[in-house]
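What follows is a short report on a single structure.
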Amino acid sequence: MKLPTGHWQALLRHCQQSGESHGAVVRKALADYLDLDHQTLWQLSTSTAVVEGVFGGALQVKDLLDHGDFGLGTFEQLDGEGILLDGVCWQARADGSLIKAPPDEAIPFWVATHFQAERQISVIDIVSIEDLGARIDPFRPGANLFVAIQIKGVFERVEMRTVSRVPEGVGLLEASNNQAMVCIEKVSGTLVGFWSPEHTTSLNIPGYHFHFLSDDHSSGGHVLDLKADSLEVELDFQSNLRLALPETKQFLEADLSHDISEQLHRAETKPQD
């Protein structure tokens, strides 16, 4: 594509000021002109439903690719942690296995997007998952928009959990008490994650939420803690949210009126000694 000199100089100025890449700006401009979905986060079900134990399958893995090539979630009755990366969906189970999720595998909760990095940063000497979040915080556009986050590098340590399949009627907090936990060291891989605003607690998991996939596809799961010398971070700012609510009997009859903030925090974070 050949741009007039004025357009090119304006593009350079914008990228220098915003930190966005040339490609990201051009993609957004074309998406606006052609009326295409962009900066759109697609979500199946809600965090409240998950906390209350609504784990019945509402869609299938093959439906995910209609809505994104990047994301995370879980499977029917919490049968493992899900990682969607480069259009491939992986299923990490509590027995330590990691497989490509079958297309007809049922899913109760997922978040996905078509990932296009708008900002890249490098971070060094990361001592914990909280430290990683603090390094990313200044580059988020504020406290009220979603951010998709892809992080690559060699990790000195990654602590993960994988939930086990549970019977119907068991809530997330009870299920997390029986999670399989593992710590792997000196592993190359990718963090797939999102930052969600505090005001969306009833819909999503507020703050940072990461799943991990090793480059050799031998391990994956929900990240509880980590340590790394150097990581490359890519951010994709999400200003649109598309929410798909299940029409299953279990969802339609569930009481989703409770405040689930405390239960969600306890279920999603590293257990305290």
Side-chain angles (χ1 to χ4, degrees), residues 35-85 87-94 99-115 145-146 148 162-176 192-194 196-206 209 211 222 238-264 267-268:
D35 195 25
L36 301 175
D37 276 347
H38 66 292
Q39 294 184 306
T40 298
L41 194 71
W42 176 85
Q43 181 174 316
L44 172 64
S45 194
T46 69
S47 56
T48 301
V50 172
V51 168
E52 297 294 348
V54 182
F55 304 135
L59 293 175
Q60 295 180 324
V61 165
K62 62 187 177 184
D63 300 314
L64 281 176
L65 297 183
D66 292 334
H67 305 288
D69 54 15
F70 176 96
L72 53 77
T74 188
F75 302 92
E76 188 170 45
Q77 297 309 129
L78 293 187
D79 190 14
E81 308 286 350
I83 307 107
L84 179 63
L85 181 62
V88 179
C89 184
W90 298 88
Q91 184 175 13
R93 288 197 171 108
I99 63 170
K100 289 184 180 180
D104 59 354
E105 184 77 20
I107 54 175
F109 176 86
W110 268 82
V111 183
T113 190
H114 293 282
F115 191 88
L145 294 181
F146 295 91
T162 305
V163 289
S164 303
R165 188 178 182 92
V166 297
E168 191 170 328
V170 174
L172 180 64
L173 188 57
E174 183 180 350
S176 67
V192 171
F194 296 91
S196 300
E198 192 70 31
H199 66 77
T200 65
T201 299
S202 63
L203 296 179
N204 209 312
I205 298 168
H209 181 195
H211 286 189
H222 172 91
Q238 308 283 309
S239 56
N240 302 306
L241 174 64
R242 293 181 60 193
L243 180 62
L245 295 178
E247 297 181 37
T248 61
K249 184 174 185 292
Q250 186 184 23
F251 183 87
L252 294 175
E253 295 179 354
D255 181 0
L256 306 180
S257 61
H258 303 133
D259 181 357
I260 50 90
S261 303
E262 178 61 26
Q263 292 185 67
L264 189 60
E268 293 296 323

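Counting heavy atoms from C-beta on, the side chains of W42 and D66 never come closer than 4.5 Å. At least one side-chain heavy atom of D79 sits under 4.5 Å from a side-chain heavy atom of Q91.
Of the candidates H114, H67, R242, R242 is the only one forming a side chain to side chain contact (heavy atoms under 4.5 Å, CB included) with T40. Looking at I107, V111, L64 one by one, the single match for side chain to side chain contact (heavy atoms under 4.5 Å, CB included) with L44 turns out to be I107. Among the candidates T74, L78, V50, the single residue satisfying the side chain to side chain contact (heavy atoms under 4.5 Å, CB included) test with P108 is T74.
Taking both residues in full, the closest heavy atoms of E198 and P206 are given as OE1-CB, 3.8 Å, listed atom of the first, atom of the second, then distance. In plain terms, the two heavy atoms of A254 and V54 that are nearest each other are CB-CG2, 3.8 Å. Closest heavy-atom contact between A175 and V170: N-CG1, 3.9 Å.
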**Request:** Evaluate side-chain contact (heavy atoms from CB on, under 4.5 Å) for W110 paired with L59, printing each intermediate quantity in order.
**Result:** CA-CA 10 Å; W110 268 82; L59 293 175; over 6 Å; no
**Request:** Carefully, step by step, assess Q263 and L172 under the rule side-chain contact (heavy atoms from CB on, under 4.5 Å).
**Result:** CA-CA 8 Å; Q263 292 185 67; L172 180 64; over 6 Å; no
**Residue pair W90, I99: steps toward the side-chain contact (heavy atoms from CB on, under 4.5 Å) verdict** = CA-CA 6 Å; W90 298 88; I99 63 170; 5.9 Å; no
**Request:** Go through the steps to decide whether I205 and L264 satisfy the test side-chain contact (heavy atoms from CB on, under 4.5 Å), and finish with yes or no.
**Result:** CA-CA 7 Å; I205 298 168; L264 189 60; 4.1 Å; yes
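In this structure, the side chain of Q43 engages the main chain of L203 through a donor-acceptor pair within 3.5 Å. Put simply, the side chain of S196 never gets that close to the backbone of F146: no donor and acceptor are under 3.5 Å apart. Counting only distance, with no hydrogens or angles, the side chain of E81 and the backbone of L72 share no donor-acceptor pair below 3.5 Å. With E76 contributing its side chain and A106 its backbone, the two residues share no donor-acceptor pair below 3.5 Å.
Residues in residues 44-65 take part in these side chain to side chain donor-acceptor pair (under 3.5 Å) pairs, two or more places apart or across chains: E52-H258, Q60-K62.
Taking CG of L41 as the start and CG of N204 as the end, the distance is 7.0 Å to the nearest 0.5 Å.
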